[in-house]
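All remarks here apply to the structure that follows.
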Protein chains: 2
Amino acid sequence: MNLTVAEENYVKAIYKLQEGDQAVTTNALAYELDTKPASVTDMAKKLKEKKLIDYEKYQGITLTPEGRKTALQIVRRHRLWECFLVDKLSFSWEEVHELAEELEHVRSEKLINRLSDFLGNPVIDPHGDPIPDAHGRMAKPRPQTPLDQANAKRLVVTAVSDQSTALLAFLNAKGIKLGTQLEIVAHYEFDNSIEIKMKHLPSLTISEQVAKNIMVRPL
Amino acid sequence: MNLTVAEENYVKAIYKLQEGDQAVTTNALAYELDTKPASVTDMAKKLKEKKLIDYEKYQGITLTPEGRKTALQIVRRHRLWECFLVDKLSFSWEEVHELAEELEHVRSEKLINRLSDFLGNPVIDPHGDPIPDAHGRMAKPRPQTPLDQANAKRLVVTAVSDQSTALLAFLNAKGIKLGTQLEIVAHYEFDNSIEIKMKHLPSLTISEQVAKNIMVRPL
DNA sequence: AATTAAATTTAGACAAAGCTAAATAATAAA
DNA sequence: TTTATTATTTAGCTTTGTCTAAATTTAATT
Ligand SMILES: [Mn+2]
Ligand SMILES: [Mn+2]
Ligand SMILES: [Mn+2]
Ligand SMILES: [Mn+2]
(Lines give C-alpha, C1' and ligand atoms only; values in the text may rest on other atoms or scores of the structure.)
(Ligands and ions follow the chains in the order given, each with its own letter.)
Protein backbone atom coordinates (compact mmCIF):
# COMPACT_ATOMS: atom_id res chain seq x y z
CA MET A 1 0.00 0.00 0.00
CA ASN A 2 1.25 3.46 -0.80
CA LEU A 3 1.12 5.79 2.16
CA THR A 4 1.70 9.51 2.28
CA VAL A 5 4.20 11.01 4.70
CA ALA A 6 1.34 12.25 6.87
CA GLU A 7 -0.22 8.80 6.99
CA GLU A 8 3.10 7.26 7.99
CA ASN A 9 3.51 9.77 10.78
CA TYR A 10 0.04 8.97 12.09
CA VAL A 11 0.62 5.22 11.98
CA LYS A 12 3.90 5.58 13.84
CA ALA A 13 2.36 7.85 16.46
CA ILE A 14 -0.53 5.45 17.02
CA TYR A 15 1.96 2.64 17.46
CA LYS A 16 3.87 4.70 20.00
CA LEU A 17 0.79 5.61 22.02
CA GLN A 18 -0.83 2.22 21.84
CA GLU A 19 1.00 0.70 24.80
CA GLY A 20 -0.31 -2.82 25.09
CA ASP A 21 -3.66 -2.80 23.37
CA GLN A 22 -5.77 0.00 24.79
CA ALA A 23 -7.25 2.32 22.19
CA VAL A 24 -5.55 5.61 21.42
CA THR A 25 -7.73 8.68 21.94
CA THR A 26 -8.25 11.44 19.43
CA ASN A 27 -6.90 14.07 21.77
CA ALA A 28 -3.78 12.12 22.71
CA LEU A 29 -2.94 11.60 19.07
CA ALA A 30 -3.57 15.25 18.25
CA TYR A 31 -1.22 16.28 21.05
CA GLU A 32 1.47 13.79 20.00
CA LEU A 33 1.36 14.97 16.39
CA ASP A 34 1.01 18.63 17.29
CA THR A 35 -2.20 18.95 15.36
CA LYS A 36 -5.90 19.42 16.11
CA PRO A 37 -8.43 16.77 17.14
CA ALA A 38 -10.59 17.57 14.13
CA SER A 39 -7.69 16.72 11.84
CA VAL A 40 -7.16 13.44 13.65
CA THR A 41 -10.77 12.46 13.11
CA ASP A 42 -10.39 13.15 9.41
CA MET A 43 -7.25 11.07 9.15
CA ALA A 44 -8.78 8.26 11.21
CA LYS A 45 -11.41 7.82 8.53
CA LYS A 46 -8.74 7.56 5.84
CA LEU A 47 -6.61 5.08 7.77
CA LYS A 48 -9.65 2.97 8.50
CA GLU A 49 -10.49 2.99 4.80
CA LYS A 50 -6.96 1.70 4.14
CA LYS A 51 -7.45 -0.99 6.80
CA LEU A 52 -4.52 0.18 8.89
CA ILE A 53 -6.57 0.94 11.98
CA ASP A 54 -9.75 -0.16 13.69
CA TYR A 55 -11.85 2.86 14.40
CA GLU A 56 -15.45 3.49 15.41
CA LYS A 57 -16.75 6.95 16.24
CA TYR A 58 -16.00 7.91 19.82
CA GLN A 59 -14.28 4.55 20.43
CA GLY A 60 -10.66 5.45 19.86
CA ILE A 61 -8.09 3.96 17.51
CA THR A 62 -6.10 0.73 17.43
CA LEU A 63 -3.75 -0.58 14.75
CA THR A 64 -4.76 -3.59 12.71
CA PRO A 65 -2.10 -6.27 12.24
CA GLU A 66 -1.37 -4.68 8.85
CA GLY A 67 -1.06 -1.27 10.54
CA ARG A 68 1.30 -2.65 13.15
CA LYS A 69 3.48 -4.17 10.46
CA THR A 70 3.62 -0.83 8.70
CA ALA A 71 4.45 0.98 11.93
CA LEU A 72 7.31 -1.38 12.65
CA GLN A 73 8.82 -0.72 9.23
CA ILE A 74 8.74 3.00 9.85
CA VAL A 75 10.21 2.61 13.32
CA ARG A 76 12.94 0.44 11.84
CA ARG A 77 13.83 3.08 9.31
CA HIS A 78 13.74 5.83 11.91
CA ARG A 79 16.03 4.08 14.34
CA LEU A 80 18.50 2.87 11.75
CA TRP A 81 18.92 6.39 10.40
CA GLU A 82 19.48 7.59 13.95
CA CYS A 83 22.24 5.03 14.31
CA PHE A 84 23.77 6.16 11.05
CA LEU A 85 23.77 9.80 12.10
CA VAL A 86 25.35 9.07 15.47
CA ASP A 87 27.76 6.29 14.53
CA LYS A 88 28.89 7.48 11.11
CA LEU A 89 28.28 11.22 11.03
CA SER A 90 29.09 11.96 14.67
CA PHE A 91 25.82 13.62 15.55
CA SER A 92 24.88 13.62 19.19
CA TRP A 93 21.78 11.85 20.41
CA GLU A 94 19.68 14.96 20.83
CA GLU A 95 20.15 16.05 17.23
CA VAL A 96 19.09 12.95 15.38
CA HIS A 97 15.40 12.56 16.05
CA GLU A 98 14.34 15.49 13.87
CA LEU A 99 16.45 14.35 10.94
CA ALA A 100 15.33 10.74 11.26
CA GLU A 101 11.76 12.03 11.29
CA GLU A 102 12.31 12.94 7.63
CA LEU A 103 14.70 10.21 6.54
CA GLU A 104 12.28 7.53 7.77
CA HIS A 105 9.93 8.37 4.90
CA VAL A 106 12.27 7.25 2.15
CA ARG A 107 10.67 3.92 1.42
CA SER A 108 13.04 1.32 0.08
CA GLU A 109 13.51 -2.12 1.54
CA LYS A 110 16.78 -2.49 -0.24
CA LEU A 111 18.12 0.81 1.03
CA ILE A 112 17.20 0.14 4.62
CA ASN A 113 18.52 -3.40 4.61
CA ARG A 114 21.82 -2.28 3.16
CA LEU A 115 21.99 0.55 5.65
CA SER A 116 21.41 -1.94 8.44
CA ASP A 117 24.22 -4.15 7.14
CA PHE A 118 26.50 -1.15 6.78
CA LEU A 119 25.88 -0.31 10.43
CA GLY A 120 26.50 -3.89 11.54
CA ASN A 121 22.81 -4.67 12.06
CA PRO A 122 22.45 -2.78 15.33
CA VAL A 123 19.65 -3.85 17.67
CA ILE A 124 19.25 -0.68 19.69
CA ASP A 125 19.22 2.95 18.61
CA PRO A 126 21.11 5.87 20.21
CA HIS A 127 18.33 6.33 22.77
CA GLY A 128 18.30 2.71 23.85
CA ASP A 129 15.20 1.78 21.87
CA PRO A 130 15.13 -1.60 20.11
CA ILE A 131 15.32 -1.73 16.31
CA PRO A 132 12.86 -4.05 14.52
CA ASP A 133 14.54 -6.41 12.06
CA ALA A 134 13.50 -6.77 8.42
CA HIS A 135 10.58 -8.94 9.54
CA GLY A 136 9.40 -6.52 12.19
CA ARG A 137 10.74 -8.55 15.08
CA MET A 138 12.66 -6.86 17.84
CA ALA A 139 14.69 -8.24 20.68
CA LYS A 140 12.40 -7.87 23.63
CA PRO A 141 14.18 -5.33 25.76
CA ARG A 142 15.89 -6.59 28.88
CA PRO A 143 13.82 -5.66 31.91
CA GLN A 144 14.29 -2.02 32.77
CA THR A 145 12.60 0.48 35.07
CA PRO A 146 12.47 4.24 35.33
CA LEU A 147 15.17 5.49 37.65
CA ASP A 148 12.60 6.88 40.09
CA GLN A 149 11.25 3.38 40.69
CA ALA A 150 14.50 1.47 40.83
CA ASN A 151 15.06 -0.46 44.03
CA ALA A 152 18.60 -1.71 43.46
CA LYS A 153 21.41 0.64 44.48
CA ARG A 154 23.89 0.15 41.65
CA LEU A 155 22.40 0.71 38.22
CA VAL A 156 23.24 1.13 34.58
CA VAL A 157 21.43 3.47 32.18
CA THR A 158 19.74 1.51 29.39
CA ALA A 159 17.49 4.04 27.64
CA VAL A 160 15.77 7.41 27.81
CA SER A 161 12.02 7.39 27.41
CA ASP A 162 11.51 11.09 26.73
CA GLN A 163 13.67 12.11 23.81
CA SER A 164 13.17 15.82 23.80
CA THR A 165 16.24 17.88 22.98
CA ALA A 166 15.86 19.52 26.38
CA LEU A 167 16.21 16.31 28.37
CA LEU A 168 18.98 14.91 26.21
CA ALA A 169 20.93 18.14 26.42
CA PHE A 170 20.54 18.09 30.21
CA LEU A 171 21.86 14.54 30.36
CA ASN A 172 24.79 15.52 28.14
CA ALA A 173 25.61 18.36 30.51
CA LYS A 174 25.63 15.98 33.45
CA GLY A 175 27.62 13.29 31.66
CA ILE A 176 24.81 10.74 31.66
CA LYS A 177 24.57 8.48 28.63
CA LEU A 178 23.64 4.94 27.66
CA GLY A 179 25.77 2.53 29.66
CA THR A 180 26.55 5.05 32.39
CA GLN A 181 26.84 3.34 35.75
CA LEU A 182 25.43 5.08 38.78
CA GLU A 183 24.53 4.57 42.36
CA ILE A 184 21.51 5.95 44.18
CA VAL A 185 22.71 7.96 47.15
CA ALA A 186 19.43 9.32 48.45
CA HIS A 187 15.75 9.91 47.78
CA TYR A 188 14.41 13.24 48.96
CA GLU A 189 10.77 12.87 49.89
CA PHE A 190 9.95 16.57 49.63
CA ASP A 191 10.03 16.72 45.83
CA ASN A 192 10.97 13.13 45.03
CA SER A 193 14.32 14.26 43.75
CA ILE A 194 17.10 11.68 43.67
CA GLU A 195 20.76 12.05 44.46
CA ILE A 196 23.01 9.91 42.31
CA LYS A 197 26.73 9.26 42.16
CA MET A 198 28.77 8.37 39.09
CA LYS A 199 32.36 7.19 39.26
CA HIS A 200 34.95 9.95 39.36
CA LEU A 201 32.28 12.65 39.66
CA PRO A 202 30.74 14.55 42.54
CA SER A 203 27.24 13.34 43.38
CA LEU A 204 24.34 15.13 41.79
CA THR A 205 20.66 15.59 42.51
CA ILE A 206 18.12 15.24 39.71
CA SER A 207 14.42 16.05 39.69
CA GLU A 208 11.66 13.48 39.63
CA GLN A 209 10.85 14.66 36.10
CA VAL A 210 14.30 13.67 34.92
CA ALA A 211 14.43 10.44 36.93
CA LYS A 212 11.14 9.24 35.45
CA ASN A 213 12.67 9.38 31.98
CA ILE A 214 15.94 7.60 32.64
CA MET A 215 15.54 3.87 32.21
CA VAL A 216 17.89 1.64 34.19
CA ARG A 217 18.55 -1.94 35.17
CA PRO A 218 20.45 -3.34 38.10
CA LEU A 219 24.14 -3.69 37.47
CA MET B 1 12.98 30.49 2.28
CA ASN B 2 11.03 27.34 2.96
CA LEU B 3 10.30 25.33 -0.15
CA THR B 4 8.04 22.34 -0.60
CA VAL B 5 9.32 19.14 -2.18
CA ALA B 6 7.45 19.98 -5.38
CA GLU B 7 9.01 23.43 -5.54
CA GLU B 8 12.47 21.96 -5.04
CA ASN B 9 11.90 19.48 -7.84
CA TYR B 10 10.84 22.29 -10.17
CA VAL B 11 13.83 24.46 -9.30
CA LYS B 12 16.21 21.59 -9.88
CA ALA B 13 14.58 20.70 -13.19
CA ILE B 14 14.74 24.30 -14.38
CA TYR B 15 18.42 24.38 -13.47
CA LYS B 16 19.00 21.20 -15.44
CA LEU B 17 17.19 22.42 -18.54
CA GLN B 18 18.57 25.93 -18.46
CA GLU B 19 21.81 25.18 -20.29
CA GLY B 20 23.63 28.47 -20.51
CA ASP B 21 20.98 31.11 -20.14
CA GLN B 22 18.21 30.44 -22.60
CA ALA B 23 14.74 30.35 -21.09
CA VAL B 24 13.13 27.02 -20.26
CA THR B 25 9.83 26.38 -21.98
CA THR B 26 6.65 25.28 -20.27
CA ASN B 27 6.42 22.13 -22.34
CA ALA B 28 10.02 21.10 -21.78
CA LEU B 29 9.61 21.46 -18.05
CA ALA B 30 6.34 19.54 -18.07
CA TYR B 31 8.02 16.72 -19.96
CA GLU B 32 11.05 16.68 -17.66
CA LEU B 33 8.88 16.54 -14.54
CA ASP B 34 6.36 14.15 -16.05
CA THR B 35 3.50 16.52 -15.46
CA LYS B 36 1.20 18.72 -17.56
CA PRO B 37 1.94 22.15 -19.04
CA ALA B 38 -1.00 23.64 -17.15
CA SER B 39 0.57 22.53 -13.87
CA VAL B 40 3.86 24.10 -14.87
CA THR B 41 2.19 27.42 -15.54
CA ASP B 42 0.59 27.31 -12.08
CA MET B 43 3.89 26.54 -10.39
CA ALA B 44 5.71 29.19 -12.42
CA LYS B 45 3.48 31.81 -10.83
CA LYS B 46 4.34 30.55 -7.36
CA LEU B 47 8.07 30.40 -7.99
CA LYS B 48 7.99 33.87 -9.46
CA GLU B 49 6.16 35.07 -6.34
CA LYS B 50 8.99 33.56 -4.28
CA LYS B 51 11.55 35.31 -6.49
CA LEU B 52 13.22 32.06 -7.53
CA ILE B 53 12.54 32.51 -11.24
CA ASP B 54 11.99 35.23 -13.77
CA TYR B 55 8.81 34.55 -15.64
CA GLU B 56 6.51 36.47 -17.95
CA LYS B 57 3.57 34.90 -19.70
CA TYR B 58 4.59 33.09 -22.86
CA GLN B 59 8.23 34.10 -22.34
CA GLY B 60 9.61 31.01 -20.63
CA ILE B 61 11.41 30.60 -17.33
CA THR B 62 14.89 31.41 -16.06
CA LEU B 63 16.29 31.08 -12.56
CA THR B 64 17.11 34.20 -10.57
CA PRO B 65 20.49 34.23 -8.78
CA GLU B 66 18.58 33.18 -5.64
CA GLY B 67 16.94 30.34 -7.59
CA ARG B 68 20.27 29.18 -8.95
CA LYS B 69 21.73 29.10 -5.46
CA THR B 70 18.80 27.01 -4.29
CA ALA B 71 19.16 24.66 -7.23
CA LEU B 72 22.84 24.13 -6.51
CA GLN B 73 22.07 23.16 -2.93
CA ILE B 74 19.58 20.56 -4.09
CA VAL B 75 21.98 19.24 -6.72
CA ARG B 76 24.67 19.02 -4.03
CA ARG B 77 22.43 16.97 -1.79
CA HIS B 78 21.34 14.74 -4.65
CA ARG B 79 24.84 13.94 -5.80
CA LEU B 80 26.28 13.43 -2.34
CA TRP B 81 23.56 10.93 -1.50
CA GLU B 82 24.31 9.15 -4.77
CA CYS B 83 27.94 8.89 -3.70
CA PHE B 84 26.90 7.54 -0.34
CA LEU B 85 24.70 4.89 -1.87
CA VAL B 86 27.36 3.73 -4.30
CA ASP B 87 30.47 4.07 -2.15
CA LYS B 88 29.10 2.99 1.22
CA LEU B 89 26.04 0.87 0.50
CA SER B 90 27.31 -0.78 -2.70
CA PHE B 91 24.45 0.25 -4.92
CA SER B 92 25.19 0.34 -8.61
CA TRP B 93 24.98 3.56 -10.56
CA GLU B 94 21.65 2.86 -12.19
CA GLU B 95 19.88 2.34 -8.88
CA VAL B 96 20.76 5.51 -7.06
CA HIS B 97 19.03 8.30 -8.91
CA GLU B 98 15.53 7.38 -7.74
CA LEU B 99 16.59 7.13 -4.12
CA ALA B 100 18.58 10.36 -4.24
CA GLU B 101 15.50 11.99 -5.72
CA GLU B 102 13.90 11.57 -2.31
CA LEU B 103 16.90 11.92 -0.03
CA GLU B 104 17.77 15.27 -1.61
CA HIS B 105 14.73 16.82 0.07
CA VAL B 106 15.98 16.37 3.61
CA ARG B 107 17.11 19.91 4.24
CA SER B 108 19.94 20.21 6.72
CA GLU B 109 23.18 22.00 6.06
CA LYS B 110 24.80 20.21 8.92
CA LEU B 111 23.71 16.80 7.72
CA ILE B 112 24.89 17.35 4.20
CA ASN B 113 28.22 18.85 5.21
CA ARG B 114 28.91 15.95 7.55
CA LEU B 115 27.89 13.52 4.87
CA SER B 116 30.30 15.20 2.49
CA ASP B 117 33.12 14.92 5.03
CA PHE B 118 32.23 11.29 5.70
CA LEU B 119 32.55 10.59 1.99
CA GLY B 120 35.87 12.42 1.74
CA ASN B 121 34.37 15.49 0.06
CA PRO B 122 33.97 13.93 -3.37
CA VAL B 123 33.87 16.28 -6.36
CA ILE B 124 32.09 14.06 -8.85
CA ASP B 125 29.11 11.76 -8.42
CA PRO B 126 28.75 8.19 -9.69
CA HIS B 127 27.65 9.44 -13.11
CA GLY B 128 30.60 11.77 -13.53
CA ASP B 129 28.66 14.92 -12.67
CA PRO B 130 30.39 17.57 -10.56
CA ILE B 131 29.23 18.12 -6.96
CA PRO B 132 28.76 21.73 -5.83
CA ASP B 133 30.59 22.55 -2.61
CA ALA B 134 28.92 24.12 0.43
CA HIS B 135 29.09 27.51 -1.30
CA GLY B 136 27.59 26.25 -4.52
CA ARG B 137 30.86 26.24 -6.41
CA MET B 138 31.82 23.30 -8.54
CA ALA B 139 35.04 22.36 -10.21
CA LYS B 140 34.45 23.28 -13.81
CA PRO B 141 34.48 19.93 -15.52
CA ARG B 142 37.51 19.11 -17.61
CA PRO B 143 36.64 19.47 -21.27
CA GLN B 144 34.65 16.49 -22.47
CA THR B 145 32.66 15.64 -25.56
CA PRO B 146 30.00 13.10 -26.44
CA LEU B 147 31.59 9.97 -27.83
CA ASP B 148 29.90 10.47 -31.21
CA GLN B 149 31.75 13.75 -31.68
CA ALA B 150 35.14 12.74 -30.37
CA ASN B 151 37.98 13.16 -32.83
CA ALA B 152 40.83 11.62 -30.86
CA LYS B 153 41.24 7.84 -31.18
CA ARG B 154 42.11 6.87 -27.62
CA LEU B 155 39.58 8.07 -25.07
CA VAL B 156 38.52 7.73 -21.46
CA VAL B 157 34.90 7.77 -20.25
CA THR B 158 34.28 10.74 -17.96
CA ALA B 159 30.48 10.87 -17.52
CA VAL B 160 27.10 9.73 -18.81
CA SER B 161 24.70 12.46 -19.77
CA ASP B 162 21.51 10.41 -19.88
CA GLN B 163 21.08 8.61 -16.59
CA SER B 164 18.13 6.41 -17.34
CA THR B 165 18.25 2.97 -15.84
CA ALA B 166 18.06 1.59 -19.36
CA LEU B 167 21.25 3.24 -20.57
CA LEU B 168 23.18 2.56 -17.37
CA ALA B 169 22.15 -1.08 -17.39
CA PHE B 170 23.29 -1.34 -21.02
CA LEU B 171 26.68 0.13 -20.14
CA ASN B 172 26.98 -2.28 -17.23
CA ALA B 173 26.30 -5.17 -19.56
CA LYS B 174 29.04 -4.00 -21.90
CA GLY B 175 31.52 -3.28 -19.11
CA ILE B 176 31.62 0.45 -19.73
CA LYS B 177 32.02 2.64 -16.65
CA LEU B 178 33.63 5.89 -15.53
CA GLY B 179 37.34 5.72 -16.28
CA THR B 180 36.99 3.02 -18.90
CA GLN B 181 39.55 3.47 -21.66
CA LEU B 182 38.53 2.81 -25.21
CA GLU B 183 39.61 3.26 -28.75
CA ILE B 184 37.42 4.17 -31.72
CA VAL B 185 37.79 1.49 -34.37
CA ALA B 186 35.26 2.68 -36.92
CA HIS B 187 32.37 4.98 -37.69
CA TYR B 188 29.59 3.48 -39.78
CA GLU B 189 27.96 6.16 -41.86
CA PHE B 190 24.76 4.24 -42.47
CA ASP B 191 23.36 4.66 -38.94
CA ASN B 192 26.20 6.59 -37.31
CA SER B 193 27.00 3.65 -35.12
CA ILE B 194 30.49 3.44 -33.69
CA GLU B 195 32.75 0.47 -33.19
CA ILE B 196 34.88 0.69 -30.08
CA LYS B 197 37.53 -1.48 -28.53
CA MET B 198 38.35 -1.85 -24.85
CA LYS B 199 41.43 -3.63 -23.57
CA HIS B 200 41.08 -7.41 -23.18
CA LEU B 201 37.67 -7.38 -24.82
CA PRO B 202 36.39 -8.02 -28.32
CA SER B 203 35.40 -4.84 -30.12
CA LEU B 204 31.80 -3.79 -29.96
CA THR B 205 29.48 -1.59 -31.97
CA ILE B 206 27.19 0.87 -30.25
CA SER B 207 24.35 2.95 -31.62
CA GLU B 208 24.48 6.68 -32.13
CA GLN B 209 21.89 6.99 -29.33
CA VAL B 210 24.29 5.40 -26.88
CA ALA B 211 27.37 7.23 -28.19
CA LYS B 212 25.67 10.60 -27.78
CA ASN B 213 25.30 9.95 -24.07
CA ILE B 214 28.78 8.75 -23.26
CA MET B 215 31.05 11.68 -22.42
CA VAL B 216 34.75 11.20 -23.07
CA ARG B 217 38.02 13.05 -23.17
CA PRO B 218 41.23 12.23 -25.01
CA LEU B 219 43.51 9.96 -23.08
C1' DA C 1 -1.73 38.29 -45.17
C1' DA C 2 -4.57 34.66 -43.93
C1' DT C 3 -4.75 30.21 -42.12
C1' DT C 4 -3.25 26.36 -39.56
C1' DA C 5 -0.68 24.31 -36.01
C1' DA C 6 1.68 24.32 -31.75
C1' DA C 7 2.54 26.22 -27.30
C1' DT C 8 0.79 28.29 -23.41
C1' DT C 9 -2.49 30.00 -20.24
C1' DT C 10 -7.06 30.17 -17.96
C1' DA C 11 -11.14 28.22 -15.83
C1' DG C 12 -12.98 25.03 -13.07
C1' DA C 13 -12.52 20.74 -10.50
C1' DC C 14 -10.39 17.41 -7.24
C1' DA C 15 -7.67 15.08 -3.45
C1' DA C 16 -4.76 15.63 0.59
C1' DA C 17 -4.06 17.71 4.86
C1' DG C 18 -4.84 21.04 7.65
C1' DC C 19 -7.74 24.75 10.35
C1' DT C 20 -11.85 27.13 13.19
C1' DA C 21 -16.33 27.21 14.95
C1' DA C 22 -20.39 24.84 15.96
C1' DA C 23 -22.83 20.60 17.08
C1' DT C 24 -23.10 16.32 19.40
C1' DA C 25 -21.78 12.51 22.51
C1' DA C 26 -19.71 10.74 26.60
C1' DT C 27 -18.21 11.52 31.23
C1' DA C 28 -18.01 13.63 35.62
C1' DA C 29 -20.13 16.46 39.19
C1' DA C 30 -23.68 18.11 41.78
C1' DT D 1 -30.76 12.18 37.62
C1' DT D 2 -30.08 16.51 35.91
C1' DT D 3 -26.33 19.57 34.86
C1' DA D 4 -21.87 20.86 33.61
C1' DT D 5 -17.55 19.65 31.55
C1' DT D 6 -14.72 17.41 28.41
C1' DA D 7 -13.97 14.77 24.26
C1' DT D 8 -15.09 14.03 19.71
C1' DT D 9 -17.14 14.79 15.43
C1' DT D 10 -19.17 17.58 11.67
C1' DA D 11 -19.45 21.47 8.56
C1' DG D 12 -17.35 24.62 5.97
C1' DC D 13 -13.08 26.84 4.45
C1' DT D 14 -7.93 27.16 3.00
C1' DT D 15 -3.57 25.86 0.70
C1' DT D 16 -0.84 23.01 -2.32
C1' DG D 17 -0.35 20.57 -6.31
C1' DT D 18 -2.43 18.28 -9.71
C1' DC D 19 -5.73 17.47 -13.73
C1' DT D 20 -8.93 18.23 -18.17
C1' DA D 21 -11.08 21.06 -21.40
C1' DA D 22 -11.45 25.39 -23.40
C1' DA D 23 -9.51 29.78 -24.68
C1' DT D 24 -5.77 32.48 -26.19
C1' DT D 25 -1.27 33.63 -27.95
C1' DT D 26 2.68 32.75 -30.74
C1' DA D 27 4.89 30.50 -34.53
C1' DA D 28 4.79 28.27 -38.89
C1' DT D 29 2.72 27.51 -43.42
C1' DT D 30 0.45 28.28 -47.21
MN1 LIG E 1 8.32 11.42 10.17
MN1 LIG F 1 15.48 7.01 18.87
MN1 LIG G 1 13.42 15.04 -5.81
MN1 LIG H 1 24.03 11.61 -10.64
Side-chain angles (χ1 to χ4, degrees), chain A residues 1-15 17-19 22-63 67 70-71 74 101-102 104-107, chain B residues 1-15 17-19 22-63 67 70-71 74 101-102 104-107:
Chain A
M1 192 137 30
N2 237 12
L3 302 188
T4 65
V5 168
E7 288 168 337
E8 286 197 339
N9 283 333
Y10 270 88
V11 167
K12 184 160 66 91
I14 295 163
Y15 175 83
L17 296 180
Q18 193 186 325
E19 290 290 327
Q22 77 263 35
V24 174
T25 67
T26 304
N27 271 359
L29 196 46
Y31 182 80
E32 171 71 21
L33 288 168
D34 195 20
T35 182
K36 295 291 182 295
S39 306
V40 172
T41 299
D42 286 345
M43 182 60 90
K45 291 171 185 166
K46 292 174 203 164
L47 294 177
K48 181 184 182 179
E49 191 57 39
K50 296 196 175 190
K51 301 190 190 307
L52 294 168
I53 62 171
D54 291 316
Y55 167 68
E56 294 301 332
K57 266 195 199 183
Y58 297 104
Q59 300 311 123
I61 294 170
T62 52
L63 290 175
T70 301
I74 304 165
E101 200 55 50
E102 304 193 41
E104 71 187 357
H105 300 294
V106 178
R107 250 152 309 189
Chain B
M1 190 138 29
N2 236 12
L3 302 187
T4 64
V5 168
E7 287 168 337
E8 286 197 338
N9 284 332
Y10 271 89
V11 168
K12 184 161 64 92
I14 295 163
Y15 175 84
L17 295 180
Q18 193 187 325
E19 290 292 327
Q22 77 263 35
V24 175
T25 67
T26 303
N27 271 359
L29 197 45
Y31 182 80
E32 171 71 21
L33 289 168
D34 196 19
T35 181
K36 295 293 182 294
S39 307
V40 171
T41 300
D42 287 344
M43 182 60 89
K45 291 171 186 166
K46 293 176 201 161
L47 295 178
K48 181 186 183 177
E49 191 57 40
K50 296 198 174 188
K51 301 190 190 305
L52 294 168
I53 62 171
D54 291 317
Y55 167 69
E56 295 300 332
K57 266 195 200 183
Y58 297 105
Q59 299 312 122
I61 294 170
T62 53
L63 290 175
T70 301
I74 304 165
E101 201 56 51
E102 305 193 40
E104 70 187 356
H105 301 294
V106 176
R107 248 152 311 188

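So that the names make sense, note that chain A is the first sequence line, chain B the second, and so on, each numbered from 1.
Counting to the nearest Å, the C1' atom of dG17(D) and the CG atom of Asn9(B) are 12 Å from each other. At whole-Å resolution of the value, CD in Glu8(A) and P in dA16(C) are 16 Å apart. Between His105(B) atom NE2 and dG17(D) atom P there is a gap of 12 Å when expressed in whole angstrom units. Residue Lys50(A) contributes atom NZ, which lies 7 Å from atom P of dA16(C) at whole-angstrom precision. Nucleotide dC19(C) holds its C1' atom 13 Å from the CG atom of Asp34(A), rounded to whole Å. Going from atom OH of Tyr31(B) over to atom P of dA7(C) covers 14 Å, rounded to whole Å. Between Glu49(B) atom CD and dT15(D) atom P the separation is 13 Å, expressed in whole Å. Look at CG on Asp42(A): it is 14 Å from P on dG12(D), rounded to the nearest Å.
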Legend entry - Verdict with supporting geometry, Ile14(A) and Leu47(A), side-chain contact (heavy atoms from CB on, under 4.5 Å): CA-CA 11 Å; Ile14(A) 295 163; Leu47(A) 294 177; 4.1 Å; yes
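OP1 or OP2 of dT10(C) has at least one side-chain nitrogen or oxygen of Lys45(B) nearer than 4.0 Å. The side chain of Tyr10(B) contributes an N or O atom lying less than 4.0 Å from OP1 or OP2 of dT18(D). For dC19(D), the OP1/OP2 oxygens have a side-chain nitrogen or oxygen of Thr35(B) closer than 4.0 Å. Residue Thr4(A) places at least one side-chain N or O under 4.0 Å from the OP1 or OP2 atom of dA17(C). A close approach under 4.0 Å does occur between a side-chain nitrogen or oxygen of Tyr55(A) and OP1 or OP2 of dT9(D).
Inter-residue side-chain proximity for Arg107(A) and Glu8(A) is flagged as met; some heavy-atom pair is nearer than 4.5 Å. No side-chain heavy atom of Thr70(A) sits under 4.5 Å from any side-chain heavy atom of Glu7(A). Side-chain contact between Asp54(B) and Gln59(B): absent, with no pair of heavy atoms (C-beta onward) separated by less than 4.5 Å.
Among the nucleotides dT9(D), dT20(D), dT26(D), the one closest to the side chain of Lys36(B) is dT20(D). For Glu7(B), counting side-chain heavy atoms from C-beta on, the closest listed nucleotide (dG17(D), dT18(D), dA25(C)) is dG17(D). Proximity note for Asn27(A) (side chain, C-beta onward) versus dT8(D), dT18(D), dT10(D): the nearest is dT8(D). Closest to the side chain of Tyr58(B), out of dA21(D), dT25(D), dA21(C), is dT25(D).
Nucleotides of DNA chain C nearest to Ser39(A) and Lys57(A) differ in position, and the one nearer the 5' end is that of Ser39(A).
In this structure, Thr26(B) reaches the sugar-phosphate backbone alone: every heavy-atom distance under 4.0 Å involves primed, P, OP1 or OP2 atoms, never a base. Within 4.0 Å of Ala6(B), counting heavy atoms only, lie sugar-phosphate atoms of the nucleic acid but no base atom.
Here the side chain of Lys12(B) pairs no donor or acceptor atom with the backbone of Ile74(B) at under 3.5 angstrom.
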